[in-house]
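Only a predicted model underlies this, so the values are computations on that prediction, with no experimental measurement involved. Residues: numbered from 1 along the sequence shown. Side chains included, hydrogens not; waters and symmetry mates left out as well; all remaining heavy atoms used.
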Amino acid sequence: MTLPHFVRSSITRSTVTASVMCFALPLVALAAANKALQQALWKEYPLTRVGLVMLKTDYNRITQPGAILAIRVPGIYADVANTENAIVNTNVVNGQVSQATGWSAAFGGSTSHSRTLNPNEKVYVTQVDVKRDAVQLELLTVDVTTLGDGQGTRYRAEVNFKIPGIDTMTAEDIKKTIDTVVADPETASAVQSKTVKLGMSPDEVKTTLGNPDKVVDLGAKQLFVYKDMKIVFVDGKVSDVQ
């Protein structure tokens, strides 16, 4: 039996609507989860507010200072804070820092004053964005640099932390990943002294020394191999340093 046209049309519309809803609902849920995670990260990293001049953001004028962090690793690209060029992103994957290339950098541009941030350089966090597979921090130097023409400027950086499975992680989990690259000054200073104590967990060692060059997993015994030392864990606690 052939159904009337208006019945077939109604069925088709219902099928399409159901399909769209099935596709849209996970996206809505993901957006809500990302928003909640972003708000939790704002608590971990209180944002610094900057000024406005002629409806343009003035990163050189701090109106409300937030958390101050310290850079722990070299290689984070930065440019003069008020540049109108898009700043080339720095990507962090498994603790390794690299500047974006290809399509990701196509809209970026540098001025003659661009540079990389120095280890131990102090920075504010002006924005935290949660994406599908990454968390992006916008960083702004605390200190003002005087350029050759006598003008003073802060430096701004955009850092993307690539984090697989971000939808299953807490703000505290993500902070541990971020801490290996930029952290509060007290935590950051630990990487210079390389203080590792008996009983520390693998996460605590990573926070202190960064990600190891190699991990050897022997079940109850685990080794973190760094360029200048080996950390031995037994049952998840540091038992020896070689």
Side-chain angles (χ1 to χ4, degrees), residues 34-35 37-39 41-42 44-163 166 174-175 177-185 188:
N34 284 357
K35 185 65 175 179
L37 182 56
Q38 178 172 276
Q39 291 175 343
L41 286 170
W42 285 343
E44 296 284 354
Y45 303 101
L47 301 182
T48 290
R49 305 299 180 189
V50 297
L52 284 174
V53 175
M54 301 295 290
L55 300 181
K56 290 185 177 181
T57 303
D58 180 9
Y59 286 97
N60 287 317
R61 185 165 65 90
I62 303 300
T63 60
Q64 182 180 326
I68 293 179
L69 306 180
I71 301 297
R72 300 186 68 175
V73 298
I76 296 176
Y77 176 92
D79 212 331
V80 292
N82 284 342
T83 178
E84 294 186 0
N85 296 332
I87 293 179
V88 176
N89 287 351
T90 296
N91 292 324
V92 179
V93 182
N94 296 325
Q96 301 301 309
V97 172
S98 63
Q99 292 175 20
T101 58
W103 177 256
S104 298
F107 297 101
S110 63
T111 68
S112 59
H113 301 294
S114 61
R115 65 177 178 87
T116 57
L117 300 180
N118 300 313
N120 292 322
E121 190 165 3
K122 302 300 188 295
V123 293
Y124 296 115
V125 179
T126 53
Q127 187 53 273
V128 177
D129 288 318
V130 177
K131 302 180 179 180
R132 183 175 58 84
D133 61 351
V135 172
Q136 184 179 70
L137 266 61
E138 182 178 68
L139 305 178
L140 182 68
T141 59
V142 171
D143 293 333
V144 174
T145 299
T146 301
L147 303 178
D149 59 3
Q151 295 295 313
T153 182
R154 299 181 194 274
Y155 274 82
R156 184 161 50 98
E158 304 281 353
V159 186
N160 275 319
F161 293 84
K162 303 290 186 179
I163 306 176
I166 196 172
I174 292 171
K175 185 176 183 297
T177 298
I178 294 173
D179 277 352
T180 62
V181 175
V182 56
D184 66 86

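K131 and N160 get closest at one heavy-atom pair: NZ-OD1, 3.6 Å. Taking both residues in full, the closest heavy atoms of Y59 and L140 are given as O-CD2, 3.3 Å, listed atom of the first, atom of the second, then distance. Summarising the geometry of P74 relative to P119, their closest heavy-atom pair is N-CG, 3.9 Å, with the distance given to 0.1 Å. What you find for T90 and V97 is that their closest heavy atoms are CG2-CG1, 3.3 Å. When all heavy atoms of R115 and T141 are compared, the pair lying nearest together is NH2-CG2, 4.1 Å. In terms of heavy-atom proximity, D179 sits nearest to Y45 at OD1-OH, 3.9 Å.
In this structure, the separation between OH on Y77 and CZ on R156 is 10.5 Å, given to the nearest 0.5 Å. Between the CD1 atom in I71 and the CG atom in N120 there is a gap of 9.5 Å [rounded to 0.5 Å]. Annotation: the span from T57 atom OG1 to L52 atom CG amounts to 5.5 Å, rounded to 0.5 Å. Note that CG of L37 and CD1 of I174 are 4.0 Å apart. Values are rounded to the nearest 0.5 Å. Here the OG1-CG distance, from T153 to N82, works out to 6.0 Å after rounding to the nearest 0.5 Å. Rounding to the nearest 0.5 Å gives a distance of 9.5 Å between CD1 of I76 and CD of E121.
A heavy-atom distance below 4.5 Å is not found between the side chains of F161 and I166. A 4.5 Å side-chain heavy-atom check between V182 and V159 finds every atom pair outside the cut-off.
Around atom CD of Q96, no more than 12 heavy atoms belonging to other residues, nucleotides or ligands sit under 6.0 Å away.
T83 contributes a side-chain N or O that, together with a main-chain N or O of N85, makes up a donor-acceptor pair within less than 3.5 Å. Looking at T63, its side chain does come within 3.5 Å of a backbone N or O of R49 through a donor-acceptor pair. Checked by atom type and distance alone, the side chain of N91 never pairs as donor or acceptor with a backbone atom of S98 at under 3.5 Å. Side-chain atoms of T48 come within 3.5 Å of backbone atoms of G66 as a donor-acceptor pair (strictly under, hydrogens ignored).
Evaluation of the side-chain contact (heavy atoms from CB on, under 4.5 Å) rule for D149 yields L147, Q151 as partners, not counting sequence neighbours. Annotation: side-chain contact (heavy atoms from CB on, under 4.5 Å) contacts of V142 (sequence neighbours excluded): I68, K122, Y124.
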Next on the checklist: Q136 vs N89, test: side chain to side chain contact (heavy atoms under 4.5 Å, CB included). Steps then yes/no.
Outcome noted: CA-CA 9 Å; Q136 184 179 70; N89 287 351; 3.5 Å; yes
